[in-house]
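Only one structure is covered here, and it is reproduced in the block below.
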Amino acid sequence: MPVPEGTVVVERASAAQDFGPKLNRTAADVVRFLMQHGEMVTATQSLSDDMMELFAAEVGAEIRLVNPGEEQEAELQKLLGVADQDNLNGGEAPLRPPVVTVMGHVDHGKTLLLDRIRNTHVVDGEAGGITQHIGAYQVERNGKPVTFIDTPGHEAFTAMRARGASATDIVVLVVAADDGVMPQTIEAINHARAAEVPIVVAVNKIDRPNADTQRTVAGVAEQGLVPEAWGGENIYCEVSALNGDGIDELLDQMLLMAEVEDLRATPEGRACGVVLESNLDIGRGPIATVLVQRGTLSVGDPMVAGASWGRVRALLNDRGEAVDQAGPSTPVQVLGLSEVSIAGDTFAVAPNEKLAGRVADTREHWQRLSNLGREAHALSGGAKLEDLFTRIQRGETATLNAIIKADVNGSLEAVIESLRKLETSEVRIAVVHRGVGGITENDVQLAYASDATIIGFNVRPDRKAREAADAAKVEIRTYEIIYKLLEDVSSAMVGMLAPDIEEIVTGEAEVRQVFRVPRVGAVAGCYVQNGAITRGAKVRFLREGTIIWKGEITSLKRFTDDVREVQSGYECGIGLSNFQDLKAGDIIETFDEREVARTLEG
Ligand code: GDP
């Protein structure tokens, strides 16, 4: 039978039993063919991109691989009616403020510049007022607003672009006049260019005695950003983030640029835009900072952000004040979503709550499927951190499958970005799953199924997860310093994993109640659930799996007696000398450290 004409759309990680029939072949045809090429797969096992392309070439079919859910996503967008509103955005729509991202080499002054702009140009002139960092803020210059995304650095920018979101209209490239063009300066230029976003160059630190503005400008111009003064198209501003010189001019240039770009968006219709940041607030639930790109977002709106949804319970502006509405180019914090979304997810207000829920659920379903696909695929070629080197030595291309969990979205993205930079032609890092929050039993199951190492940053496994990991021999590595994490992974790559400091959890107690005792401070009434709690033991406090404090136990009591140790099954009072912010439900975990030599398997 001939293969179908034209391009056949195939979902990544399809199994032979689905893939074969799409090309008018049987599952057995596919399996047999792959077997001849040294790949042993069953009819129900997920196939890799290469396998599918190889087979398609063999039978002369043309295929286009799509991620599971990609086709469905277009349908969901239709359901939400996002595209229907495009006509509202025509030439008639009013101008909107430009959205600006600041990039540049580390220490060139991005943070200080963002702070300076914010403190001197807050909307109502209340300089030095509340500076709530929600991921973005808006300032005014001569009555005209400008929105800044205040997570500097190209990591956030790229992470967002990788998810298909474009939030930025203008990039400000900060270059220190006493340092000139540095590696991250060039990276930033490349990222801005790839995104086709215009660049304004801010030559910073001109107050420094060793500042060499001319040389700096020449260096940047060499990268292809030719100044207007030299007949080029790029705007340069000389500024000092320290004393504020040139900042007004910089803002004027951005506004001028915005005019030229003719940035317009309608405040009419249901809002849509992009998630800039998202985290879990213990008291208030999931909070997302979003940038409204079109329409007006109002309290009470049913909205979907990635795979989370809900009715907007409250909106907070960049100064932490409750507002009822937010229009185009306005950053605002949203309360009321069902879960933490991912930076770069798009959001949209749905016609009704039911539809919002349905779209979010469908997305979650597809995400799970695509994780499963990757997981099954990973099964065939993944390696754990410990035996990564053995594979490389055997001359195989090794893939480190990783599940990455972190305390907040920002660090999650940072960890993943940094890991990506360690990739070489020999070692690839496949992120099987990522998420914000403690390490759970689910993560361990997924790690087991996909032969992945779990990497936690500022988070810990709970007891169930730990037990499951022990039973399934899943490797969990937790870090509190990103540098240590990267060092371990790169050491594994060259087969030099240092002796591991193994932590042995010796006891676990749940906080039942916190008392304030005059002159003593806070005392946590606890129930020891596991092991024993010992005075002087190293300890960390966990809230929903996230580390909130580390230190030592200084006082331990049973009733009124000071005791040295309390065994599991008993209640006790734990004195909190330095850390007072415990709540009922928090976990106090004590641990010992001991050095164990690493063994390389294989
Ligand atoms: P980032 O890493 O790019 O965010 O850089 P920071 O904003 O943290 O600045 C790095 C260092 O340079 C800090 O010590 C700042 O105080 C200093 N700095 C930033 N801008 C200026 C400036 O215009 N003049 C001077 N003299 N120092 C600056």
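Below, all heavy atoms of this structure are taken into account, side chains as well, without hydrogens, waters or symmetry copies. Start at 1 and go down the list; that is how both ligands and their atoms are numbered.
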Less than 6.0 angstrom from the centroid, inside 45 degrees of the normal: does R118 satisfy that with respect to the ring of F148?
no

Residue D107 vicinity, atoms of ligand 1 by number, heavy atom under 4.0 Å
1 (P), 2 (O), 3 (O), 5 (O), 10 (C), 12 (O)

Is it the case that more than 12 heavy atoms not belonging to R420 sit under 6.0 Å from its CZ atom?
yes

Atom indices of ligand 1 within 4.0 angstrom of S240 heavy atoms, with elements:
23 (O)

Under the salt bridge (Lys or Arg N to Asp or Glu O under 4.0 Å) rule, what do R270 and D301 come out as? Steps first, then yes or no, please.
CA-CA 9 Å; R270 295 198 302 270; D301 278 347; over 6 Å; no

Tell me if a side-chain donor or acceptor on D462 pairs with a main-chain N or O of T440 at a distance below 3.5 Å.
no

Is there a donor-acceptor pair closer than 3.5 Å between any side-chain N or O of D586 and the backbone N or O of K583?
yes

Mind checking whether R208 contacts ligand 1 via backbone (N, CA, C, O), side chain (CB onward), both or neither, at a 4.0 Å heavy-atom cut-off?
side chain

Applying side-chain hydrogen bond (donor to acceptor under 3.5 Å, both in side chains) to E259 and not counting sequence neighbours gives none

Under 3.5 Å: N/O of V239 near N/O of ligand 1:
no

Any nitrogen or oxygen of I206 lying under 3.5 Å from a nitrogen or oxygen in ligand 1? Just yes or no.
no

Give the atom numbers and elements of ligand 1 that come within less than 4.0 Å of a heavy atom of H105.
3 (O)

Proximal candidate to atom 25 (C) of ligand 1 [heavy atom criterion; set L113, L112, D179, D207]
D207

Subset of ligand 1 atoms that lie under 4.0 Å from at least one heavy atom of V106
2 (O)

